[in-house]
Number of protein chains: 2
Amino acid sequence: MTFDAIDKKLLALLQADSKQTNKQLSLKLNLSVTAVYERIKKLENNGVISKYVALVKKDKVEKDFVAFCHIKLIQHSQAYVVKFEKEVANLEEVLECYHISGDYDYLLKVIVEDMEAFREFMVNKLTSINHIGSTHSMFVINEVKHTTAITV
Amino acid sequence: MTFDAIDKKLLALLQADSKQTNKQLSLKLNLSVTAVYERIKKLENNGVISKYVALVKKDKVEKDFVAFCHIKLIQHSQAYVVKFEKEVANLEEVLECYHISGDYDYLLKVIVEDMEAFREFMVNKLTSINHIGSTHSMFVINEVKHTTAITV
DNA sequence: AGTGAAAGTCAACTGTA
DNA sequence: TACAGTTGACTTTCACT
């Protein structure tokens, strides 16, 4: 689907705060409540908006340690790759996993309680997955920016 | 604050779908509607839930090209660092920016339309920020996992 | 901390232009 | 595609356990 200026602004508003009422949105967009309602439904039905979620503050739930892990596989046969991706996706500590270009095969974003928990995660969970050749971890010293909002 | 088993389950449910009504949640948690309401308010007031947002599907808005950029600064005086972090945070293409340990200083997650848009971003926006020493980009071939939900 | 019921507000669906 | 009005469902508050 295509987006006019109002759609784009609406998406920005909903990505910033999805708990706004249609009336609040209608005032910001200079539209009627029904028009806002119909535009939102259209965005939902077309799969542009995939879901609505609550965002949790890491430091409030003692999961303040973030690391990025590069991973190289030993070999890259279809079966190995599929199995690795499935097992990694099942790890709750892994929030993101990307197959990337470059020296390593994968980049993982891992979130745990502290360095000790990270060590445990590496030893007991990640490297217990077979076919991993080598890993290289980078620790987050400071989160400069983190948003889920895509500018349309 | 501390979380009992019900809080943890409630956080998981809200991180999966924040549009559920308190009635639906009350059934899943075997609680009254009011009890659910009060637990949610407590999580919000304590800052555990920072906000509610709509998640947008990248491929539906032609922002399907994701890259990770390593960045090294020329020098690391306080003034340079602050200025760099501020300017990077203002770039809409940069969804995430972390100060990290290792060979490079920063890791950025960048989302744009395509390779050409990425080239433009690098030339016109990113490297036009002063003090950048070197960069190293990795392109996402496939997104294996991506979740915003933290397991409490 | 929990509950049930009352009061106010909203989403969702009509009709109509 | 936009609007206004109606209805049932929801959030929020309150008195009480």
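Keep in mind it's a predicted model, so treat the numbers as computed, not measured. Chain A is the first sequence line, chain B the second, and so forth, proteins listed ahead of strands; every chain is numbered from 1.
Partner of A:Cys69 under the side-chain contact (heavy atoms from CB on, under 4.5 Å) criterion, chosen from A:Thr135, A:Leu108, A:Val88: A:Leu108.
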Quiz prompt | Base versus backbone protein contacts along nucleotides 11-17 of chain C [heavy-atom cut-off under 4.0 Å; B, S, -] | solution = SSB----

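Rounding to the nearest 0.5 angstrom, the gap separating the CD atom in B:Glu93 from the CZ atom in B:Phe118 is 10.5 Å. For the atom pair NE2 of A:His70 and CE of A:Met138, the computed distance is 3.5 Å after rounding to the nearest 0.5 Å.
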Exercise. Please step through side chain to side chain contact (heavy atoms under 4.5 Å, CB included) for the pair B:Leu91 and B:Leu126, ending with a clear verdict.
Key: CA-CA 8 Å; B:Leu91 298 174; B:Leu126 193 59; 4.3 Å; yes

Practice problem: Quick one: do A:Phe84 and A:His131 satisfy ring-ring contact (aromatic ring centres under 6.0 Å, His included)? Show the steps, please. | Solution: CA-CA 8 Å; A:Phe84 167 79; A:His131 326 307; 8.6 Å; no

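Of the candidate nucleotides D:dC3, D:dT1, C:dG4, D:dC3 has the atom nearest to the side chain of A:Leu31.
In this structure, the CD atom of A:Gln24 is 14 Å from the C1' atom of D:dT11, given to the nearest Å. C:dG2 atom P lies 11 Å from atom CG of B:Leu10, rounded to whole Å. In this structure, NZ of B:Lys19 is placed 14 Å from P of D:dC10, rounded to the nearest angstrom. Rounded to a whole Å, the CD1 atom of B:Ile40 is 13 Å from the P atom of D:dT13.
Scanning DNA chain C for stems, defined as runs of 3 or more consecutive Watson-Crick or G-U wobble pairs whose donor-acceptor distances all fall under 3.5 Å, gives the following ranges: C:1-14 with D:4-17.
The number of heavy atoms from other shown groups lying within 6.0 Å of NZ (A:Lys145) is above 12. Within a 6.0 Å sphere centred on NZ of A:Lys23, other residues, nucleotides and ligands contribute 12 heavy atoms or fewer.
Remark: B:Asp4 engages B:Arg39 in a salt bridge (charged side-chain N to carboxylate O under 4.0 Å, His left out) (not counting sequence neighbours).
Proximity of B:Arg39 to the phosphate of C:dG2: a side-chain N or O atom is located under 4.0 Å from OP1 or OP2.
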